[in-house]
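Each chain gets a letter, A, B and so on, in the order its sequence line appears, and its residues count up from 1.
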Protein chains: 2
Amino acid sequence: MHGPLHPTNGEADTHYRILQAALDEFSHNGYKGSSTRVIADRAGVNEVTLFRHFGSKLELLRAAVEDAVQRLQVPSEIDTYLSMSFREGFGKFISDYLMQLSTQSDILMLGFAESFTHPQVAEVLKRFMWKIRSVLLEYFTELHRLGRMREADLPVLTQMVMALIHGTPAMRKRAPTEVTSDLTDVRIVSTLVETVVSAYSLEKEGS
Amino acid sequence: MHGPLHPTNGEADTHYRILQAALDEFSHNGYKGSSTRVIADRAGVNEVTLFRHFGSKLELLRAAVEDAVQRLQVPSEIDTYLSMSFREGFGKFISDYLMQLSTQSDILMLGFAESFTHPQVAEVLKRFMWKIRSVLLEYFTELHRLGRMREADLPVLTQMVMALIHGTPAMRKRAPTEVTSDLTDVRIVSTLVETVVSAYSLEKEGS
DNA sequence: CATGCATGTAAGTAGTCACTTGCGTAAGTA
DNA sequence: TACTTACGCAAGTGACTACTTACATGCATG
């Protein structure tokens, strides 16, 4: 109908530039707060071109979120983490995940905010979170099976860890300086790791 | 200028009804997504009356958020929590806090979402979170001073706990059934309590 | 050269938005 | 009765919105 295929032109990046501009605008001003006019301007493109590529504003949002999520690389090989100590492996998992989140935190927060009114966007994000959840749960399960971790309600623990990870960048955005003060994410992450390790590890300490 | 004082009429609840409707609309559809027309309708009031009371849509938002936050009661007497065991006291604190949050979670999530573009709204929320943070930090500090809690980076630990509490309802909203499955907030909270207690308590177990 | 394709330009449509103005009315107060 | 206050109603204003239509341009491939 309004094909995103431009095989003729070497300048196929028009599509991508619009996506990028949409991501920017949407994540800063929300869906209703962004106008196709401004998005097109920021992409250095005529507004008509935007509609030729995406058909509607809503479809543009969906495409932008999908594109962002697709660029996220979820840690999937738990062997890497299992080969380290509980502290090191878990810490690496968390920071790997958090780093992914922070690179795309704008669009994720947008998606979350809009997911209530736009289920199609919510669907994209749900898939992403489910993927991470299953990997983390598998990691915990394996640790426990190997006798390196105490008995615990692993699904709930997994959920808790994810809530914390998602709550961290959200809170930072919300209360930038005063509440967060100089507490960087790094310190929060290391505290989380220490807490979980101290509570559940069955490994003996000391390298 | 456009006074909210109606001393003459016993029906001073017009003001309140508009606030309530605004809260409803804003928290469901966001600021830009809500129209003064609909808000007035839901309040059973003419749109003109809305402007006579609040002057502008933005001022209405500010008033609604402020009103909601004002109704939140922050746990302030840490003695109650200190008189219990670590597990019981901390658990009570968390569930007290979470309960407050959940009663007003709609407006809080709205405020968070809009705080980026509306600093006046952000200010209101920042004050609320700062209050809770200081109480929790004081609770931890006192526990530690009493030798009932291990050495730890208490400000960061406080921050972590708050991030988790705020992340929990947010995640529930975002990924309703699938990711959350049947894991209620209650179970997550109790897992948080168990984890923190297990990691930091110096009290002996058993009643 | 001719065809097709991606884009630009100009103009317009139908709707919504926050917000205003002017006037009428009911009720309470002096 | 005279005045004030709170509200409803009708109408309108100017700006902005997503989205469309019609036409022109330049570039690449056949």
Side-chain angles (χ1 to χ4, degrees), chain A residues 1-26 28-65 110 114 117-118 120-121, chain B residues 1-26 28-65 110 114 117-118 120-121:
Chain A
M1 209 144 291
H2 31 68
L5 307 107
H6 318 132
T8 319
N9 199 350
E11 311 253 29
D13 60 357
T14 297
H15 199 82
Y16 177 73
R17 288 214 320 278
I18 298 177
L19 270 184
Q20 202 60 19
L23 219 61
D24 251 46
E25 272 297 304
F26 283 148
H28 281 84
N29 307 322
Y31 180 70
K32 295 246 184 183
S34 308
S35 81
T36 53
R37 160 87 167 67
V38 171
I39 292 173
D41 278 4
R42 284 176 72 124
V45 151
N46 194 284
E47 195 180 359
V48 183
T49 301
L50 184 153
F51 283 101
R52 279 198 270 245
H53 274 259
F54 297 96
S56 78
K57 185 186 174 186
L58 185 57
E59 171 58 22
L60 175 60
L61 171 67
R62 221 216 79 260
V65 173
L110 155 78
E114 305 289 347
T117 37
H118 303 297
Q120 331 159 21
V121 175
Chain B
M1 208 143 291
H2 31 71
L5 308 105
H6 317 134
T8 317
N9 199 351
E11 311 253 28
D13 60 357
T14 297
H15 199 81
Y16 178 74
R17 288 216 321 278
I18 299 177
L19 270 184
Q20 204 59 22
L23 218 63
D24 250 46
E25 272 298 304
F26 283 148
H28 281 85
N29 307 321
Y31 180 70
K32 294 248 184 183
S34 308
S35 81
T36 52
R37 160 86 166 67
V38 172
I39 292 174
D41 278 4
R42 285 177 71 124
V45 151
N46 195 283
E47 193 181 1
V48 184
T49 301
L50 184 153
F51 283 102
R52 279 196 271 245
H53 274 259
F54 297 96
S56 77
K57 185 186 176 187
L58 185 56
E59 171 57 24
L60 174 59
L61 171 67
R62 221 215 80 261
V65 174
L110 154 78
E114 304 289 347
T117 38
H118 303 298
Q120 330 158 22
V121 175

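Residue H53(A) has no polar side-chain atom (N or O) positioned under 4.0 Å from OP1 or OP2 of dA6(C). Residue T14(A) places none of its side-chain N or O atoms closer than 4.0 Å to OP1 or OP2 of dA6(C). Within the structure, a side-chain polar atom (N or O) of T49(A) is placed less than 4.0 Å from OP1 or OP2 of dG8(C).
Residue L50(A) contributes atom CG, which lies 12 Å from atom P of dT20(D) at whole-angstrom precision. Look at CG on D13(A): it is 14 Å from P on dA6(C), rounded to the nearest Å. One can place CD of E47(B) at 13 Å from P of dC9(D), the figure rounded to the nearest angstrom. Straight-line distance from the NE2 atom of H15(A) to the C1' atom of dC5(C): 16 Å, rounded to whole Å. In this structure, CG of N29(A) is placed 12 Å from P of dA18(D), rounded to the nearest angstrom. Taking atom NZ of residue K57(A) and atom P of nucleotide dT16(C), one finds them 15 Å apart after rounding to whole Å. What separates CZ of F54(B) from P of dA6(D) is a distance of 14 Å, to the nearest Å. Rounded to an integer number of Å, the gap from I18(B) CD1 to dG8(D) P is 8 Å.
G44(B) comes within contact range of the sugar-phosphate backbone alone, with a heavy-atom separation under 4.0 Å but no base atom that close. Residue contacts shown for V48(A) include a base, since a base heavy atom lies under 4.0 Å away.
Contact of the F26(B) side chain with the I39(B) side chain is registered, since non-hydrogen atoms from C-beta on lie closer than 4.5 Å. A 4.5 Å side-chain heavy-atom check between R62(A) and F54(A) finds every atom pair outside the cut-off.
With dC9(D), dG8(C), dC19(D) as the choices, the nucleotide that has an atom nearest any side-chain atom of N46(B) turns out to be dC9(D). When the nucleotides dC19(C), dA18(D), dT7(C) are ranked by their closest atom to the side chain of R52(A), dT7(C) comes out on top. Looking at the side chain of T36(B), the nearest of the listed nucleotides dA18(C), dG8(D), dA18(D) is dA18(C).
The CZ atom of R42(A) sits 10.5 Å away from the CG atom of L23(A) when rounded to the nearest 0.5 Å. Atoms OG1 and CG, from T36(B) and L60(B) in turn, are 9.0 Å apart once rounded to the nearest 0.5 Å.
dA30(C) and dT1(D) make up a base pair, with Watson-Crick or G-U wobble contacts both under 3.5 Å.
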Exercise for review: Check step by step if side-chain contact (heavy atoms from CB on, under 4.5 Å) holds for Y31(A) and K57(A).
Suggested key: CA-CA 9 Å; Y31(A) 180 70; K57(A) 185 186 174 186; 3.7 Å; yes
